[in-house]
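The basis for the numbers below is simple: all heavy atoms, side chains too, and nothing from hydrogens, waters or symmetry mates.
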Amino acid sequence: MSELCGIMIVDKPVGVTSQVVIGRLRKVTGIRRIGHCGTLDPLASGVLPVMIGNATKACEYLMDHDKVYVASIRLGVETDTQDITGEVLAKHEGALPSFEEFAEVAKTFVGEIKQVPPMYSALKINGQKLVDLARKGREVERQPRPITIHELTLLGMEAEGIRLRVRCSKGTYIRTLCKDIGEALGCGGCMAALRRVAAGEYTARESVPLQTLLETENPEQYLRPVDSMFRNYPRVTLTDKQETRCRNGNSFSVEMEAGTYRAYGQNGEFLMLAKVEDGIMSTIKSFWEVE
């Protein structure tokens, strides 16, 4: 039997790391070649796309896609981790801003902004993870990085704080967004809860709880084909001659409009994500299996 290949859309529970999810799925599937696309902290739950087998080639593309989160921000509390799991650094004395005041300030964070990565993150500086340095009590200078908040919608008040829905670019730290909004309001703030509801084309509605995946006798039933992550691009079936050139890593002429395509062989096998420029089709990333 050939090795499993595809994407599992895992609904990660609160309390486990993304790497723990990978370890448990390796035991269930018996496959070592597994990777996730976009780390979720233990505090966070939600959509964690996991690439299995040859599908790991697509990790870089899914990580580039936008993400959607539902978060809760607790005003008046600042912590070292920028979320409620951290050590409290300061508490605001006095009245907190109103919901209306919060809404006005939150608007200013929509669009292209700059964000300083938190110390408690997996980002590396000079080969060292920031989180490892933070746990040793060290802090290093981090340069602001450009990110984009495409949408920020307020969902209302709850016991944990103010709920908001955020659609953002890759590299966005929702913890830092909560901290920055709190600072802009003058009272401080931290993230109280987080759920990722979409990663690229995949949403929470199509995700599978981790426990379900661990208990199933047939994990293959939850595999999605790797080409599903490119489903917004048009499909094209190559001729026999074009397929041969594709498998040899060569470009070839086509009578097609410029753009990005999903290219398939005569037998329906997904061969590559391709681009067409000036009547020439070439490989962006190949996915065909070597016999």
**Request:** Examine the side chains of Gln82 and Thr176 and answer whether a donor and an acceptor come within less than 3.5 Å of each other.
**Result:** yes
**Item:** Heavy-atom side-chain proximity of Arg163 to Met157 below 4.5 angstrom
**Value:** no
**Message:** Please evaluate residues Thr237 and Gln266 with respect to the criterion side chain to side chain donor-acceptor pair (under 3.5 Å), reporting the C-alpha separation (whole Å), side-chain torsions for both, the decisive distance (0.1 Å), and the verdict.
**Reply:** CA-CA 7 Å; Thr237 300; Gln266 288 288 303; over 6 Å; no
**Prompt:** Under the side chain to side chain donor-acceptor pair (under 3.5 Å) test, which residues partner Thr56, sequence neighbours left out?
**Reply:** Arg33
**Item:** Contacts of Phe270 that satisfy ring pair (Phe, Tyr, Trp, His ring centres under 6.0 Å) - sequence neighbours left out
**Value:** Tyr264, Phe287
**Item:** Leu123 and Tyr173, any side-chain heavy atoms less than 4.5 Å apart
**Value:** yes
**Request:** Verify, without hydrogens or angle tests, whether Thr283 (side chain) and Ser286 (backbone) share a donor-acceptor contact under 3.5 angstrom.
**Result:** no
**Prompt:** Can you list the steps and then say if Met119 with Leu133 is a side chain to side chain contact (heavy atoms under 4.5 Å, CB included)?
**Reply:** CA-CA 8 Å; Met119 279 300 301; Leu133 296 174; 4.0 Å; yes
**Item:** Non-hydrogen atoms of Ile280 and Ser253 that approach each other most closely
**Value:** CD1-CA, 3.9 Å
**Prompt:** Short question: side chain of Asn250, backbone of Cys246 - any donor-acceptor pair under 3.5 Å?
**Reply:** no
**Request:** Output all residues satisfying side chain to side chain donor-acceptor pair (under 3.5 Å) with Ser45, sequence neighbours left out; order by chain, then residue number.
**Result:** Arg195
**Message:** Counting C-beta onward and ignoring hydrogens, is there a side-chain heavy-atom pair between Met8 and Arg224 closer than 4.5 Å?
**Reply:** no
**Message:** Is any side-chain heavy atom of Leu48 closer than 4.5 Å to one of Val21?
**Reply:** yes
**Asked** Taking the side chain from Glu101 and the backbone from Ser98, do they hold a donor-acceptor pair closer than 3.5 Å?
**Response** yes
**Prompt:** Okay, side chain of Arg196, backbone of Gly38: is any donor-acceptor separation there less than 3.5 Å?
**Reply:** yes
**Message:** Check this for me: Phe252, atom CZ, are more than 12 non-hydrogen atoms of other residues, nucleotides or ligands nearer than 6.0 Å?
**Reply:** yes
**Message:** When you measure from the side chain of Ser18 to the backbone of Leu40, do you find a donor-acceptor pair of N or O atoms at a distance under 3.5 Å?
**Reply:** yes
**Asked** Ignoring hydrogens and geometry, is there a side-chain-to-backbone donor-acceptor pair from Thr216 to Leu213 under 3.5 Å?
**Response** no
**Request:** Decide whether Glu87 and Thr79 meet the rule of one side-chain donor and one side-chain acceptor closer than 3.5 Å.
**Result:** no
**Message:** As a quick check of understanding, evaluate side chain to side chain donor-acceptor pair (under 3.5 Å) for Ser228 and Tyr202, giving each step before the final call.
**Reply:** CA-CA 9 Å; Ser228 66; Tyr202 304 113; 2.6 Å; yes
**Asked** Counting distance only, does the side-chain N/O of Gln242 pair as donor-acceptor with the main-chain N or O of Thr239 below 3.5 Å?
**Response** yes
**Request:** For atom CD of Glu112, decide whether the heavy atoms of other residues, nucleotides or ligands shown that lie under 6.0 angstrom number more than 12.
**Result:** no
**Prompt:** Where the side chain of Arg245 meets the backbone of Ser251, is there a donor-acceptor pair that is under 3.5 Å apart?
**Reply:** yes
**Backbone of Pro117 reached by a side-chain donor or acceptor of Arg142 within 3.5 Å** = yes
**Message:** Any non-hydrogen side-chain atom of Val77 less than 4.5 Å from a side-chain atom of Cys190?
**Reply:** yes
**Message:** If the test is side-chain hydrogen bond (donor to acceptor under 3.5 Å, both in side chains), which one of Asp180, Asp41, Thr81 qualifies with Arg175?
**Reply:** Asp41
**Request:** Determine whether Ile73 and Leu164 make a side-chain contact, defined as any pair of heavy atoms from C-beta on separated by less than 4.5 Å.
**Result:** yes
**Message:** Looking at Lys114 and Ile147, would you say the former's side chain and the latter's main chain have a donor-acceptor pair under 3.5 Å?
**Reply:** no
**Prompt:** Heavy atoms, side chains only, cut-off 4.5 Å: are Phe102 and Ile181 in contact?
**Reply:** yes
**Asked** What's the shortest heavy-atom distance between Ala55 and Cys5, and which atoms?
**Response** N-SG, 3.6 Å
